[in-house]
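Values below: every heavy atom of this structure, side chains too, minus hydrogens, waters and symmetry copies. Keep in mind it's a predicted model, so treat the numbers as computed, not measured. In the text below, chain A, chain B and the rest are named by the order of the sequence lines, each starting its count at 1.
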Protein chains: 2
Amino acid sequence: MRADGHRRRQAILREAVTLSTVDGLEGLSIGNLAKALAMSKSGLYAHFGSKEELQLATVDEAARIFRQEVIEPALRAPAGVGQLVAVCDAFVEHLRRRTFPGGCFFAGAVLEMGSRSGPVKEAVAAFQQGLVQQIGEFAGAAIAGGELPVTEDPGQLAFEIMGVILATNAGFVLGGDDGVLDVAGQVVRRRLGVATDGPGRA
Amino acid sequence: MRADGHRRRQAILREAVTLSTVDGLEGLSIGNLAKALAMSKSGLYAHFGSKEELQLATVDEAARIFRQEVIEPALRAPAGVGQLVAVCDAFVEHLRRRTFPGGCFFAGAVLEMGSRSGPVKEAVAAFQQGLVQQIGEFAGAAIAGGELPVTEDPGQLAFEIMGVILATNAGFVLGGDDGVLDVAGQVVRRRLGVATDGPGRA
DNA sequence: CCTACCGATCGGTAGG
DNA sequence: CCTACCGATCGGTAGG
C-alpha cells in the first residue's frame with residue numbers, strides 16, 4: 001500500500017531528524033539510522049538513493065514539524081504583537097516537550113551546514129530565511145496596526161526575536177533543564193510592552 | 001627545544017579549531033588534521049594521547065583566542081554600558097575578520113556538544129556559562145553606575161545580548177557576507193540607549 | 001526489504 | 001616524529 005510506504009518513510013525521517021539533533025546532519029550515518037529502526041542499510045537505500053537525498057528529506061521533515069509546532073500556533077494568534085509573542089511561546093513549548101533530544105533542529109543545522117555548499121545547505125538556509133521573514137511580517141503588522149511605534153524596524157525586530165530564540169535553545173541544550181525557558185517569554189514581553197504573567201501569579 | 005614544541009602544539013591546535021568550526025568537534029578527524037598539517041597521524045598522537053585529549057586542547061585554544069579577541073577588548077572599554085557595547089562590537093569584528101571559516105567556534109560547539117556528556121561538553125559549557133556571567137557583570141555595573149534603570153535585570157540583559165551575538169553569528173555563517181554585521185551594533189545601542197553611528201555619518 | 005560484499009576512512013597501536 | 005598495521009564503521013552496490 002502507498003499509505004503504508006508513506007508512513008514507513010515518515011517514521012524513518014522522524015528518527016533521522018531525532019538523531020540529527022544529536023549527531024548533526026553529517027554525523028547522521030546510514031548504519032546508525034538503520035540500527036535505530038531495526039532494519040538493514042540497504043533497506044534504507046530503497047527509500048533514499050544516497051545520503052544527500054536522506055539529508056534533504058530529513059530537512060523537509062524537520063521543517064514540517066517546526067511549522068506544525070511553532071509557526072502554525074503563531075499564525076492562529078491575534079495579528080501583530082500577539083503573533084510575535086506566540087511564536088516565542090510556541091518555540092519554548094517545542095523545547096519544553098523535548099520534541100528532539102538535541103533541541104531545535106534548525107539552530108544546529110544552520111551552524112553545521114552554514115559554511116558548506118550544496119543543496120542541503122541551501123535547503124537549511126531557505127527555511128531559516130523564511131522563518132526570519134515570517135517573524136518580520138508579524139513585526140510589520142504590529143507596527144502597521146499601531147501596537148508598536150513607527151520608529152521600530154521590522155527587520156531589526158525579527159533579528160532580535162531570532163536572537164531570543166537562539167539564546168533560549170543554546171541555554172536549554174547546554175543546561176538540560178527548564179530553567180531558561182521562562183526567560184524568553186519575559187524578555188520578549190518586556191521588549192514589546194506586553195504585561196508579563198510572572199511566576200506566582202495565576 | 002621546549003619553545004619550539006609549544007609553538008608546534010599551538011599551530012596544531014589553531015588548525016584544529018579552524019577545522020572544527022566547519023566539521024564540528026566530532027567531525028574533526030585525526031587523519032584530516034594530520035593531512036592539513038602535512039604530518040602523520042602518529043605524529044599527532046605524540047602530542048595528544050587520544051581524540052578526546054585533542055578535543056579538550058582544542059576547546060582550550062578556542063577559549064584563549066575568544067578571550068583575546070572578544071573579552072579583552074571589552075574589558076578595556078569604560079565599565080558599564082561601554083563594556084556591553086564593546087563586547088558586541090568585538091564579537092562582530094571577530095566575525096568580520098573571518099578568524100575561523102565557520103564563524104564563532106563556541107556557538108557551534110555549544111549546540112554540537114550540548115546534548116552529549118563527558119569532559120569536552122563540560123569544558124564547552126563552562127566557557128559559555130563564564131561568558132554569560134561576564135556579560136551579566138557588565139550589565140550589573142551599568143545598573144549600579146546609574147547608566148541603566150534599576151528595573152533592569154542583569155541576567156535578562158546578558159541573555160538578550162547573548163541572543164544578539166548568536167543571531168549575528170547564525171546570519172553571518174549562513175549568508176557569508178558582512179550584511180548582518182552592522183545590525184548587532186544598531187540593536188544593542190538602541191536597546192541600551194546609546195547614540196548610533198549610523199552609516200552615512202562620519 | 002535482505003545478505004554479502006566493495007574501497008575508503010575512522011581512532012588507535014606496535015615498533016622504530 | 002615515521003611506516004605499517006589493527007578492527008570497526010563509513011557510504012554505497014550486487015544480486016536476490
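Taking the 5' to 3' direction, DNA chain C first and last meets chain A under 4.0 angstrom from a heavy atom at C:dC1 to C:dT3.
Remark: A:E160 does not engage B:R191 in a salt bridge, criterion side-chain N to carboxylate O under 4.0 Å.
Note on residues 61-92 of chain A: pairs passing ring-ring contact (aromatic ring centres under 6.0 Å, His included), not counting sequence neighbours, are A:F66-A:H94, A:F66-A:F127. Pairs passing the side chain to side chain donor-acceptor pair (under 3.5 Å) check and including a residue from residues 32-43 of chain A, sequence neighbours excluded, read A:S40-A:S42. Pairs of residues two or more places apart, or lying in two chains, that qualify as side chain to side chain donor-acceptor pair (under 3.5 Å) and include a residue from residues 130-145 of chain B are B:Q133-B:E137. Applying the side chain to side chain donor-acceptor pair (under 3.5 Å) test to residues at least two apart or on different chains, the pairs with a partner in residues 168-178 of chain A are A:R98-A:D178. Here ring-ring contact (aromatic ring centres under 6.0 Å, His included) pairs that include residues 155-179 of chain A, with residues two or more places apart or in two chains, number zero. Within the structure, ring-ring contact (aromatic ring centres under 6.0 Å, His included) contacts touching residues 9-51 of chain A (residues at least two apart or in different chains) do not occur. For residues 14-25 of chain A, the pairs satisfying side chain to side chain donor-acceptor pair (under 3.5 Å) are A:D23-B:R116, with sequence neighbours left out.
Applying the side-chain hydrogen bond (donor to acceptor under 3.5 Å, both in side chains) criterion to B:E122, with sequence neighbours excluded, gives no partner residue. Legend: residues meeting side-chain contact (heavy atoms from CB on, under 4.5 Å) with A:P78, ordered by chain and number and at least two apart, are absent.
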key: Under the 3.5 Å Watson-Crick or G-U criterion, the dot-bracket string of DNA chain C, with | for inter-strand pairs   = ||||||||||||||||
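In the region residues 26-50 of chain A, proximity to DNA chain C at under 4.0 angstrom, judged on heavy atoms, holds for A:M39, A:S40, A:S42, A:G43, A:A46, A:H47.
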